[in-house]
Every structure is written in structure tokens, then in C-alpha cells.
Colleague: 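Pasting in a structure now, in C-alpha cells, and then I'll have a few things to ask.
Since the model is a prediction, treat every value here as computed from it, not as a measurement. A note on names: the letters A, B, ... follow the listed sequences, proteins ahead of strands, and every chain is numbered from 1.
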4 protein chains.
Amino acid sequence: MTTGTDPERSRGRPRSPESHRAILAATREVLDEVGYVRLTVEGVATRAGVGKSTVYRWWPSKSALVLEAVGSALAAPPRPTGDVRADIRAVLANIVEDLRGPLAVTLLALGSDALHDAPAAAEPVDLLQADRGAVQDMIEDAGRRGDLPADVDADLLLDVCVGTLLYRLLCRRPTEDVVDRLVDLVVEGRIPRTGPETEPT
Amino acid sequence: MTTGTDPERSRGRPRSPESHRAILAATREVLDEVGYVRLTVEGVATRAGVGKSTVYRWWPSKSALVLEAVGSALAAPPRPTGDVRADIRAVLANIVEDLRGPLAVTLLALGSDALHDAPAAAEPVDLLQADRGAVQDMIEDAGRRGDLPADVDADLLLDVCVGTLLYRLLCRRPTEDVVDRLVDLVVEGRIPRTGPETEPT
Amino acid sequence: MTTGTDPERSRGRPRSPESHRAILAATREVLDEVGYVRLTVEGVATRAGVGKSTVYRWWPSKSALVLEAVGSALAAPPRPTGDVRADIRAVLANIVEDLRGPLAVTLLALGSDALHDAPAAAEPVDLLQADRGAVQDMIEDAGRRGDLPADVDADLLLDVCVGTLLYRLLCRRPTEDVVDRLVDLVVEGRIPRTGPETEPT
Amino acid sequence: MTTGTDPERSRGRPRSPESHRAILAATREVLDEVGYVRLTVEGVATRAGVGKSTVYRWWPSKSALVLEAVGSALAAPPRPTGDVRADIRAVLANIVEDLRGPLAVTLLALGSDALHDAPAAAEPVDLLQADRGAVQDMIEDAGRRGDLPADVDADLLLDVCVGTLLYRLLCRRPTEDVVDRLVDLVVEGRIPRTGPETEPT
DNA sequence: ACATAAACGAGACGGTACGTCTCGTCTTTTG
DNA sequence: CAAAAGACGAGACGTACCGTCTCGTTTATGT
């Protein structure tokens with residue numbers, strides 16, 4: 001058995017990386033300018049200097065295209081330092097940063113598009129999977145170290161964090177200091193208050 | 001929506017209540033069968049045995065139509081009894097009940113539709129306004145009575161509850177016992193755990 | 001059974017005669033300018049100031065559209081005078097006049113388009129039906145009057161006339177004096193010669 | 001000018017005769033199955049087991065390809081025997097035989113394709129050039145021998161024969177005994193009749 | 001034998017037009 | 001005069017081919 005050359009893979013003209021990149025970039029631009037619903041595949045193709053068929057050759061639908069375009073633009077979650085509060089805080093801030101602007105709404109639209117027939121909004125939600133995974137690790141580490149109860153329900157805490165942030169972002173409510181209060185709540189059970197800023201213990 | 005007796009409006013042939021009701025009912029049916037995106041005004045009109053223009057005469061757009069159809073099917077929040085935990089629990093259960101099935105997804109789609117140009121997903125979110133208001137009252141009452149800190153941030157607690165539930169519903173994660181744990185978290189600051197059911201103090 | 005008002009036919013907005021006419025006119029213009037193959041339905045719609053769907057609502061395909069547009073522009077056959085030679089001559093001259101310019105070629109294209117699956121090039125050929133019918137009447141009248149054999153094969157003579165003219169038009173061979181010689185041939189059996197003009201008996 | 005061995009041309013891999021033949025054969029097959037308009041170069045290439053560019057390397061267009069494929073399948077005109085009537089009859093029968101089936105329609109389509117911009121449908125008509133030339137020779141010979149007038153207009157008689165046959169073939173009218181009657185008409189000026197078969201002199 | 005060079009298969013590319021669909025508006029007749 | 005019917009202008013959808021353009025491969029020739 002010879003290695004190296006794979007005759008199956010090397011037939012025909014190879015995919016143009018320029019087109020691939022140009023299409024994703026154009027998708028992100030159009031998304032920022034007109035939003036998901038008003039984005040058209042034809043518009044993306046024109047902007048990318050590409051034929052419409054090239055888009056459809058590689059992405060089966062508008063939603064798949066946007067999903068990849070959006071996913072490829074998300075920031076990676078920051079590396080954990082060991083300080084539970086600070087680490088979770090950083091990841092949540094990362095999420096807030098990513099979903100500012102049109103991305104939160106795009107996520108909505110993607111979700112509703114993906115749910116036409118599918119049983120669950122799995123794909124779009126997976127966009128935040130990296131962040132979710134990071135927080136999950138932190139919570140479980142904290143549980144193991146005793147900073148949180150050993151049998152903490154990481155899953156629910158995660159949903160509290162992400163769900164709350166998403167909801168506020170969608171409703172355009174401020175999210176500035178919410179991250180801190182959320183961390184207070186899920187890590188220490190401190191009920192959020194108005195008035196003075198939370199002072200860490 | 002109160003109509004009352006409006007002498008200006010009552011010239012000529014009055015609005016047909018049958019059509020109104022038939023359109024809303026048809027909208028709900030179509031919504032259940034094919035989902036928001038695949039729902040067409042033409043389809044609703046046909047199903048309701050009504051002309052398309054009759055729909056557009058009373059609702060400016062597909063999203064407005066669906067919004068009212070969905071809104072008119074939501075359950076009213078239960079009346080408070082004075083027991084914070086039980087009351088909040090009941091309202092949250094009410095929300096979960098309402099958003100089972102296709103309604104959560106429809107909310108998504110409505111939100112993304114409403115956000116084409118609008119600054120905020122105000123309308124669709126208002127669907128839950130009754131529930132939100134009920135919980136807000138409860139939290140503030142509890143603050144006043146001392147069951148919760150007097151300066152509790154009701155707004156954020158609300159978002160934690162609703163956001164978490166919405167998020168889990170959209171991702172089709174189970175929401176059975178989440179309501180109890182959420183109440184524990186926002187009322188008593190109890191970090192949720194896996195394993196044994198929460199036992200109230 | 002009541003006559004007069006037909007409730008089935010008179011519901012809804014009636015077809016716009018302006019659009020109908022504008023579409024046919026635009027079709028003829030585009031046909032003259034770019035020919036059948038390069039004519040696009042989209043181009044016709046734009047030129048007519050009409051939505052593409054309005055074209056497709058009334059004509060199932062490009063070929064059907066062009067067929068009607070071309071047919072509606074053909075001249076009616078002249079009225080017979082009783083002089084066989086002169087009458088047939090006039091109708092053939094009419095055909096030549098109609099098929100000058102791009103129409104002969106369009107007829108070709110229509111024929112080949114219509115024959116995708118259809119058993120015969122029936123439709124496009126029917127464009128000349130009025131002319132064919134006129135000549136047929138003349139030949140049969142002449143047979144009855146004794147100017148031609150009583151059992152003359154009008155059908156074949158017709159095909160000789162029309163087929164020869166079409167063929168020469170398509171090959172862009174001159175058709176000026178061919179009409180006279182054809183009449184000589186089919187009415188009197190006079191073999192066509194080069195050189196001096198035919199002088200009638 | 002002899003070509004012989006051309007050192008300039010003979011470098012590199014020579015044209016594959018298998019591909020050449022396979023492409024023409026595939027073209028004829030596809031033509032029979034779906035007709036000219038629905039024939040695609042891509043389909044022909046696939047059927048021939050050949051790359052699309054190999055087709056385009058040797059034929060500039062679909063019409064050129066079909067032209068050659070069709071032309072290479074036509075029967076050669078029969079050799080003349082000296083009997084004008086019998087000889088012309090044989091050639092016309094040859095034409096009828098060739099143009100049975102989808103070929104007449106293909107000729108139409110080729111003609112209309114060739115006439116996109118070109119001034120005359122020269123090429124496709126040349127397909128029948130061999131037959132036309134044969135008949136022309138016969139008519140002129142007959143003129144010289146006195147069987148026909150010396151200054152007979154061979155060109156027009158030719159067009160009468162070919163035009164009539166083509167037209168009838170396209171309209172799917174029977175062409176069985178038409179050949180005989182046509183010969184009667186163009187050679188002897190006998191007006192065609194219905195009823196009893198023509199009996200030769 | 002081995003480099004050179006053209007033809008080959010595969011198939012991606014930028015385009016164009018297709019025919020379908022739905023949108024929200026407009027224009028009739030009917031009740 | 002509202003409702004029903006349905007035609008209308010607009011424009012995006014996803015598909016099918018077009019003819020061109022790389023690719024890596026094959027097959028001759030000419031050194």
C-alpha cells in the first residue's frame with residue numbers, strides 16, 4: 001500500500017481557496033449591512049466576484065453559508081487561569097463581545113431557519129459550543145477543587161449564563177455589568193441587587 | 001383589544017367577526033403544521049376561506065398576523081398567592097407550558113423578522129410581557145416583605161428566569177425540573193446540583 | 001339554465017389588456033433585435049414594464065409567447081377575385097411578404113422548439129394556416145370550374161407552393177419571380193425555365 | 001498542395017481516434033433520444049466517457065458538433081442510370097429516407113442556430129448538397145438530351161423537390177407516393193391528382 | 001532512456017436564463 | 001362599502017448548462 005499520492009483526491013481542478021475566502025468575507029459584510037433576512041445568495045456572489053453556482057456548489061443553502069461565515073468569525077474562548085470567577089467572567093465577556101452587533105439576531109434567524117423541519121436548533125447553537133465547553137470545564141474543575149459543590153449542575157449553570165446573556169442581547173438590554181452579577185449568582189449564589197457595584201469578597 | 005362603539009368606524013359594512021376569528025385560527029393551524037417560515041399569507045387566507053386582501057386589511061404583515069395569533073393563544077399568568085417561591089414557580093411553569101411545541105421557534109422567527117430594520121425585538125418579546133410583569137410584581141413584593149433583599153435587581157432575575165427557559169426550550173433540552181432549580185437559584189441563591197431533588201427549607 | 005352573466009368567469013381582477021398588448025409588442029421588438037434564441041422572457045418582461053410572473057401566467061413558455069406574438073403580426077390573406085392564377089399569386093406573395101426578415105428563421109426555431117417532445121410541428125406551421133386555407137379554397141374552386149382537373153391534389157400543390165417558398169426563404173435565395181413560376185407550374189404544369197419572363201397564355 | 005508529414009504538427013500526443021468516434025456516436029444517440037434542443041455538450045461528453053474540454057477542443061459549438069454527427073450519417077446519393085425519372089426518383093427517395101425520424105427536425109434546429117447572426121443557413125443546408133448536386137446533374141443532363149427544355153430552371157425545380165419534401169416531413173404528412181407525383185410534376189408538368197396511382201408513360 | 005509536448009479525464013470556475021414561488025398592492029364583481 | 005377573487009410588479013429562489021480554466025495523467029515523438 002502506497003501512501004502519499006491519493007488518486008481519488010487529485011482529480012479535476014481543485015477548489016479555489018480565493019473564492020472560498022471571498023465568499024465567506026462577502027457573506028459577513030452583507031450580513032453586517034443588511035441582516036440575515038435581506039441577505040441574498042446572489043448579492044453575496046456578486047460582492048465576492050463569484051458565480052452563484054460556486055456558492056451553491058459548496059453550501060447547500062443560505063443558512064449553511066451564513067452559519068459557516070458566522071462561525072468562522074467567532075473569537076476563541078480565552079485560556080483558563082485557574083481562578084473560577086475570573087475565568088468564567090472572561091468567557092462570558094467573550095460571548096457578549098461576539099454577539100454584539102448583528103450576530104445575536106443572525107443566530108435567531110439561523111435557528112428559526114434550521115428548525116423548519118429539523119427537530120432541534122442544534123447547528124446554530126453549536127456556534128457557541130466552544131464557549132460552552134470552556135465554561136463547563138471551569139465549573140467542573142471548580143467542583144473538583146471545592147470552589148463549587150462537587151455535584152454542581154454545570155449544565156444548568158451554563159444555560160443560565162448563556163441563556164440570560166442571549167436574551168438580554170436580543171432585547172438590546174445593557175449587558176455591561178451583567179456578566180459580573182451572573183458570575184456572582186452562579187458561583188456564589190449572590191442574588192443580584194441594583195445600586196452599588198458588586199464588590200468581590 | 002377593545003372595540004367599543006365607534007361612530008366613525010361603524011359606517012358601511014362592519015368587519016366580519018367570523019373572518020377575523022377564522023383567520024387567526026387558520027394562522028395557528030398552519031403554524032403548527034409547517035412552521036413560521038413556510039407559512040404563507042395566501043395559505044392562511046385560503047384555509048380561512050378568505051381573500052388575501054382581507055388579511056392585509058387588518059394586519060400589516062405576516063409577522064404581525066402571527067404575533068397576534070400566537071399571543072391570543074397564550075395562557076394568562078396565574079394569580080399570586082403570596083408565597084414567593086410557589087408563585088414564581090407557577091408563572092415559570094406557565095411559560096414553559098406556553099412555549100412547548102412550535103411556539104418557541106415561532107418566537108425566534110418573529111424576533112428575527114421584526115429585527116429586519118427595527119432597533120429591538122420589542123414586539124415578540126412583549127408576548128411574554130404578562131408573565132414578566134407578574135414575576136416582577138412578585139419579586140418586588142418579596143423585596144418589600146423582606147423575603148428578598150430590598151434592592152434586589154428584579155430585572156436581571158427576570159431575565160435569568162425567562163432567558164434560561166427560552167434557551168433550553170429552543171435547544172430542546174429538558175425543562176421539567178429546571179423551574180424548581182431556577183426558583184431556588186434566584187430566590188435563595190442555591191447553586192443547582194445534580195443528583196437528589198431539591199428539598200425546600 | 002341562465003345565460004348572459006357567467007359567475008365563474010367574472011370573479012377577481014380581470015386580465016390587464018395593457019399588459020397583454022405590451023408583452024406581445026415587446027416580444028416582437030426583442031425578436032427583431034436579437035432573434036429567437038437570444039430572446040429571454042426576463043428581457044421581454046422588463047421591456048414591457050411587467051413582472052416575469054405575468055408573462056408566465058398567460059404563456060406557459062417562451063415558444064408559446066413568441067408563437068402568439070408572431071401569429072398576431074401576420075397579414076390576412078387577400079380576398080379571392082375568381083382569377084385562379086392571380087388569386088394564388090396574391091396569397092403566395094402575401095406569404096413571402098410575411099416571412100421576409102426574421103420571421104422565417106423564427107419559424108424554424110419555433111418548429112424545433114415545439115418538437116421537443118410533441119409529435120408534429122403542428123403549432124408553428126399553423127401560423128400559415130390562413131394562407132394555406134385560402135389557397136386550398138382557390139384550388140378546389142378551380143377544380144370545380146374546370147380550370148384545373150376536378151380531382152386535383154390540392155394538398156400536395158399547397159405543399160409544393162408553401163414548401164418551396166419556405167425553403168428558398170430560409171436559404172435566402174431570391175423569391176421575387178419564383179411566385180409566378182410556381183403558379184405556372186402548379187396551375188398549368190409549365191416547367192420553369194431560366195431566361196425570358198413567363199408570358200401568360 | 002500535399003500535406004504529407006508535417007513536422008510542426010506531429011509533436012505531442014496525437015488526437016485520440018477513439019474519443020473522436022465515441023463523441024460522434026454519443027451525439028447521434030443523444031440526438032435520437034432527446035432531440036437537438038435538449039442535447040447538451042455535457043451530456044454528450046459524459047455518454048462518450050470523455051471530458052467536456054475534449055469536445056470543445058475539436059468542435060467550436062454544439063451546432064458544429066451535431067452538424068458533423070448528422071452529416072456523417074447521411075446516405076450517399078445513388079448513382080444515375082440515365083433514366084431521368086427513375087434517377088430523380090431515387091435521389092428524392094434517398095432524401096426522404098435520410099430525413100425520417102429526428103433528422104428533419106434537427107435540420108430545422110441547426111438552421112435556426114446557424115442563423116443567429118449569420119446571413120444564411122448555409123451550413124445545415126449543405127448537408128443535402130450531395131443530393132442536390134446529384135439531382136441538378138440529372139436535370140441538366142435531361143435538358144441537354146431534350147427530355148426537358150434546354151433552358152430548364154434546374155435550381156427552382158430542385159427547390160420544389162427538396163422544399164416540398166422537407167416541408168411534408170416536418171409536418172409529418174405522408175411522403176410515400178409524393179416522390180412519384182413530384183417527379184411527374186417537375187419532369188412532365190403533370191398536375192398531381194388524388195385517386196388512381198400515377199401510371200408512368 | 002528520457003525529456004518534451006500535446007491531448008486527455010475530471011471537474012471547478014464566472015455567468016446567464018430558466019421557471020417557480022411568495023411578497024404586498026391593486027382592481028374588479030358580488031352580497 | 002367590505003369581502004372574495006385573483007391579476008399585478010417585484011425580485012429571490014435553487015437548477016441546469018454554457019464555454020473557459022486549471023489540474024494531474026497519459027501517450028506519442030525526437031533527441
Side-chain angles (χ1 to χ4, degrees), chain A residues 5 7-16 18-20 37-43 45-46 48-58 60-62, chain B residues 11-16 18-19 37-43 45-46 48-62, chain C residues 5 7-16 18-20 37-43 45-46 48-58 60-62, chain D residues 7 9-16 18-20 38-43 45-46 48-58 60-62:
Chain A
T5 57
E8 297 300 334
R9 255 189 87 275
S10 60
R11 303 299 299 263
R13 179 176 177 174
R15 176 174 190 176
S16 154
E18 294 80 26
S19 292
H20 189 177
V37 178
R38 297 229 264 250
L39 174 146
T40 68
V41 174
E42 204 143 18
T46 300
V50 141
K52 197 162 53 147
S53 48
T54 300
V55 178
Y56 279 110
R57 186 173 301 117
W58 299 108
S61 65
K62 165 175 157 176
Chain B
R11 293 270 306 160
R13 180 173 174 177
R15 175 176 189 176
S16 154
E18 294 80 26
S19 292
V37 178
R38 300 230 262 247
L39 173 148
T40 68
V41 175
E42 204 142 19
T46 302
V50 141
K52 199 162 50 149
S53 48
T54 302
V55 178
Y56 279 110
R57 184 172 299 116
W58 302 108
W59 293 272
S61 65
K62 164 175 158 176
Chain C
T5 55
E8 298 299 336
R9 254 189 87 273
S10 59
R11 301 296 300 264
R13 178 178 180 174
R15 177 174 188 177
S16 155
E18 294 81 27
S19 292
H20 190 178
V37 179
R38 299 227 263 250
L39 174 148
T40 68
V41 174
E42 204 142 19
T46 301
V50 142
K52 199 164 46 151
S53 47
T54 301
V55 178
Y56 280 110
R57 185 174 300 117
W58 300 108
S61 65
K62 165 176 158 175
Chain D
R9 255 190 86 274
S10 59
R11 295 274 303 181
R13 180 177 177 176
R15 176 173 189 178
S16 154
E18 294 80 27
S19 293
H20 189 177
R38 300 230 262 246
L39 174 146
T40 68
V41 174
E42 207 142 15
T46 302
V50 142
K52 201 164 43 151
S53 47
T54 301
V55 179
Y56 280 109
R57 187 174 299 118
W58 302 108
S61 65
K62 164 175 157 176

Colleague: Could you pull out the closest heavy-atom pair between D/S19 and D/S16, with the gap in Å?
Modeller: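 The answer is N-OG, 3.1 Å.
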Colleague: Quick check: closest heavy atoms across C/V37 and C/K62, and the distance to 0.1 Å?
Modeller: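 Here C/V37 and C/K62 meet closest at O-NZ, 3.2 Å.
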Colleague: Base, sugar-phosphate, or nothing: which does C/G43 touch, judged by heavy atoms less than 4.0 Å apart?
Modeller: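 No contact.
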Colleague: Find which nucleotide of DNA chain E each of C/R13 and B/K62 is nearest to by heavy atoms, and output the residue with the more 5' nucleotide.
Modeller: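 The residue closer to the strand's 5' end, by nearest nucleotide, is B/K62.
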Colleague: Does F/dA4 have OP1 or OP2 under 4.0 Å away from a side-chain N or O of B/T54?
Modeller: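 Yes, B/T54 has a side-chain N/O under 4.0 Å of OP1/OP2 on F/dA4.
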Colleague: When you look at CD of B/E42, are more than 12 heavy atoms from neighbouring residues, nucleotides or ligands closer to it than 6.0 Å?
Modeller: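 Atom CD in B/E42 is not packed in, count stays at 12 or less.
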Colleague: For a quick check of understanding: with a heavy-atom distance under 4.0 Å over all strands, which category does C/S61 fall into, base, sugar-phosphate or nothing?
Modeller: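 C/S61: no heavy atom of the nucleic acid under 4.0 Å.
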Colleague: Taking the side chain of D/Y56 as its heavy atoms from C-beta onward, which of F/dG9, E/dC13, F/dT20 lies nearest to it?
Modeller: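 Nearest to the side-chain atoms of D/Y56, counting from C-beta on, is F/dT20.
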Colleague: Return the nearest nucleotide to the side chain of C/S16; candidates are F/dC8, E/dG19, F/dA12.
Modeller: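 So the side chain of C/S16 is nearest to F/dC8.
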Colleague: On the nucleotide E/dG15, are OP1 or OP2 found under 4.0 Å from the side-chain N or O atoms that A/T46 carries?
Modeller: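 It does not, given that no N or O in the side chain of A/T46 lies less than 4.0 Å from OP1 or OP2 of E/dG15.
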Colleague: C/R11 CZ to E/dT27 P: how many Å, rounded?
Modeller: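 Interatomic distance, CZ of C/R11 to P of E/dT27: 19 Å.
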Colleague: Would you please name every residue forming a side-chain contact (heavy atoms from CB on, under 4.5 Å) with B/S61, sequence neighbours left out?
Modeller: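 In terms of side-chain contact (heavy atoms from CB on, under 4.5 Å), with neighbours along the sequence ignored, B/S61 is linked to B/S63, B/A64.
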Colleague: Look at the side chain of A/P14 and decide which nucleotide, out of E/dG14, F/dC23, F/dA4, has an atom nearest to it.
Modeller: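 Of the candidates, F/dC23 comes closest.
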Colleague: Name the closest nucleotide to the C/V41 side chain, picking from F/dA3, E/dC18, E/dG9.
Modeller: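 For C/V41, the side-chain atoms sit closest to E/dC18.
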Colleague: Find the distance B/W59:CH2 to E/dT25:C1' and express it as a whole number of Å.
Modeller: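 Rounded to the whole Å, the gap is 18 Å.
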Colleague: Name the nucleic acid region contacted by D/K52, choosing base, sugar-phosphate or nothing; use a 4.0 angstrom heavy-atom cut-off, strictly under.
Modeller: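 Base, at least one base heavy atom under 4.0 Å.
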Colleague: Side-chain N or O of A/R57 versus OP1/OP2 of E/dC13: is the shortest distance under 4.0 Å?
Modeller: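 Yes, A/R57 has a side-chain N/O under 4.0 Å of OP1/OP2 on E/dC13.
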Colleague: Side-chain contact, heavy-atom cut-off 4.5 Å: C/T54 with C/R57?
Modeller: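 Yes, their side chains come closer than 4.5 Å.
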Colleague: D/R15: what forms a side-chain contact (heavy atoms from CB on, under 4.5 Å) with it, not counting sequence neighbours?
Modeller: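 Per chain and number, D/R15 pairs via side-chain contact (heavy atoms from CB on, under 4.5 Å) with D/H20, D/W58, D/W59.
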Colleague: What is the distance from CD of D/E18 to C1' of F/dA28, rounded to the nearest Å?
Modeller: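 It works out to 13 Å between those atoms.
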Colleague: Give the nucleotide from the list E/dG14, E/dC23, F/dA28 with an atom nearest to the side chain of A/V50.
Modeller: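 Selected nucleotide: E/dG14.
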Colleague: Whole angstroms only, please: what is the CD-C1' distance between C/E42 and F/dC13?
Modeller: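 Atom-to-atom, C/E42 to F/dC13, this comes out as 12 Å.
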Colleague: Name the residue closer to the 5' end of DNA chain F, choosing between C/A48 and B/G51 according to the nucleotide with the nearest heavy atom.
Modeller: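 The residue closer to the strand's 5' end, by nearest nucleotide, is B/G51.
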Colleague: Taking atom P of E/dC18 as reference, at what distance in whole Å does atom CZ of C/R38 sit?
Modeller: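 It works out to 14 Å between those atoms.
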Colleague: Tell me if the side-chain of C/S53 makes a donor-acceptor pair with the base of F/dA10, cut-off 3.5 Å, by modelled atom types.
Modeller: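 Flag set: donor-acceptor pair detected.
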Colleague: Need the bend value for the helix from E/dA1-F/dT31 to E/dG31-F/dC1: angle between end axes, 5 pairs each end, nearest 10°.
Modeller: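 The helix from E/dA1-F/dT31 to E/dG31-F/dC1 shows an end-to-end axis angle of 10°.
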Colleague: So does A/W58 get a side-chain nitrogen or oxygen closer than 4.0 Å to the phosphate oxygens (OP1/OP2) of E/dA12?
Modeller: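 No, because none of the side-chain N or O atoms of A/W58 sits under 4.0 Å from OP1 or OP2 of E/dA12.
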